[in-house]
Participant: 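Before I ask anything, here is the structure I am working with.
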There are 2 protein chains.
Amino acid sequence: MAQLFVCRGGDEMPRWREAFAEARLVGPGQARAQAGTGDRVWVMSDLEAWPRLVATLSQRGAILCVLSHAPNSLEAFQALGAGARGYAHALSPPELLRQVETVVTHQGIWVWPELLARVVGGAFRTLGGEAMLQEETLACLTERERAVALAVAEGLSNKAVARRLAITERTVKAHLGAVFRKLGVRDRMQLILKLSRQEQNAL
Amino acid sequence: MAQLFVCRGGDEMPRWREAFAEARLVGPGQARAQAGTGDRVWVMSDLEAWPRLVATLSQRGAILCVLSHAPNSLEAFQALGAGARGYAHALSPPELLRQVETVVTHQGIWVWPELLARVVGGAFRTLGGEAMLQEETLACLTERERAVALAVAEGLSNKAVARRLAITERTVKAHLGAVFRKLGVRDRMQLILKLSRQEQNAL
DNA sequence: ATCGGTATTGGACCGATGGACAGGGTGACA
DNA sequence: TGTCACCCTGTCCATCGGTCCAATACCGAT
């Protein structure tokens, strides 16, 4: 689980040393040669072809963070799109770098706070139109049917659904029958699969 | 620094208790009254007007995570747009919930991995985490038990599984019983949920 | 006022499911 | 040789799940 800072040879980076005593400063070539699964790799965005390097190491299982001297939303998207999990200012204080590391090693995403709002907003615009499949499938259900379907999708039994909705188990069966008919599924198992794999199908 | 789970009154959520012993289950009204700066608040997306609640508490300084039983991109960005820092499946295992908490308390963003993959364009991989999760659940099964479990995860009935594996339905039941016991699930529905989540993560 | 959709509940039926018994057969290992 | 884990099978039984037959009530539309 090495800690690598990828930058041009001439850079001196005391903050990184201060943040991670065991870190090593390497060039792009060394990074390609050394980085492997689980390694934390910090890449400067002023390197030539940094997105390519990020993508390569990311697919190899390394955890990538991109550091920029002039953070902007376009670059942030490039970084995340290439597989980076973090995007921060290159001059971030050591405490912040350690915080970023904590986040990314726990499967989180860390984005330069000033950019976060714009990043989220931009992604929302790009995805807003295409991710409505679930909307479609649940829209044809009545309020009660939808409630029953979602409860069943949690793995609850008919009896448990009845308790939650304060109705009879018999009524649950009635609604569930309507759900099966409308969604074209045979039983609750296929319903669970349908609802829990919406995103997969939407691809 | 309270830990609040906002859900409907009737919900029983042993996973949350398991993840955070000190957590409290509250209704939307209590959440509005109690949540303050630094509190971790987990909001179910099947509550009415959850985005409004998230926005309110987020602006008040609370750390918001949205949990959904049927995660999708649109809802994810609604959550992030409203100020949530985390978006995960409501049935996420306790370890995952704790991981999410670690990330969000360090100013990170945690998004349901397969949604994240769509956001950043597919280059994203969760090699470490997903591989370990797969290990945990399927490694403890024997070859035959795994085959039965995966067939059931497709929605096949015991009889269909028996035909596919060229064994008796009774044998399928026997293996399935062992699978339930080893994975700690009550019935095939919960097994489907457990396994279908992993298949999605394996994307 | 009648018609259609929705929500609710009842009874009955039957297949599917899961657990609790109880075995037999195999190969690995001490 | 005995033990152990795995794989396969059987019977019995309580429960669950899904569909058939109904019925009552509310509400909006025609």
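Within every chain, numbering begins at 1; the chains are lettered A, B, ... in the order of the sequence lines, protein sequences first and strands thereafter.
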Participant: Does the distance from a Lys or Arg side-chain N to an Asp or Glu carboxylate O, for A/Glu154 and A/Arg164, drop under 4.0 Å?
Facilitator: yes

Participant: Look at B/Thr142 and D/dA5 and indicate whether a side-chain polar atom (N or O) is within less than 4.0 Å of OP1 or OP2.
Facilitator: no

Participant: Looking at the side chain of B/Thr171, which of C/dT9, D/dC6, D/dT9 is the nearest nucleotide?
Facilitator: D/dT9

Participant: Starting the side chain at C-beta, find the nucleotide from C/dA7, C/dT17, D/dT9 nearest to B/Lys173.
Facilitator: C/dT17

Participant: Can a donor-acceptor pair be found, under 3.5 Å and without considering hydrogens, that links the side chain of B/Asn158 to the backbone of B/Val172?
Facilitator: no

Participant: With respect to the side chain of B/Ser157, which nucleotide from C/dT17, D/dT19, C/dG19 is positioned closest?
Facilitator: C/dT17

Participant: Expressed as a whole number of angstroms, how long is the span from A/Glu143:CD to C/dA7:C1'?
Facilitator: 12 Å

Participant: Is it true that A/Arg98 and A/Glu101 make a salt bridge, defined as a side-chain N closer than 4.0 Å to a carboxylate O?
Facilitator: no

Participant: Look at all strands and tell whether A/Ala174 reaches a base, only sugar-phosphate, or nothing, counting heavy atoms closer than 4.0 Å.
Facilitator: base

Participant: The side chain of B/Glu169 is closest to which nucleotide in this list: C/dT6, C/dT17, C/dT8?
Facilitator: C/dT17

Participant: I want to check one thing: is the phosphate of D/dG18, taken as OP1 and OP2, less than 4.0 Å away from some side-chain N or O of A/Arg186?
Facilitator: no

Participant: It should be established whether B/Thr168 places a side-chain nitrogen or oxygen under 4.0 Å from OP1 or OP2 of nucleotide D/dT9.
Facilitator: yes

Participant: State, yes or no, whether a side-chain contact exists between B/Val100 and B/Cys65 at a heavy-atom distance under 4.5 Å.
Facilitator: yes

Participant: Looking at A/Asn158, I'd like to know whether one of its side-chain N or O atoms comes within less than 4.0 Å of OP1 or OP2 on D/dG17.
Facilitator: yes

Participant: So, is A/Arg144 close to the C/dT6 phosphate, meaning a side-chain N or O under 4.0 Å from OP1 or OP2?
Facilitator: no

Participant: Over how many whole Å does the gap from B/Lys159 atom NZ to C/dG18 atom C1' extend?
Facilitator: 15 Å

Participant: In terms of side-chain heavy atoms of B/Arg170, which of D/dG10, D/dC7, C/dA7 is nearest?
Facilitator: D/dG10

Participant: Are any non-hydrogen side-chain atoms of B/Trp110 and B/Leu96 less than 4.5 angstrom apart?
Facilitator: yes

Participant: Name the residue closer to the 5' end of DNA chain D, choosing between B/Lys182 and B/Ala166 according to the nucleotide with the nearest heavy atom.
Facilitator: B/Lys182

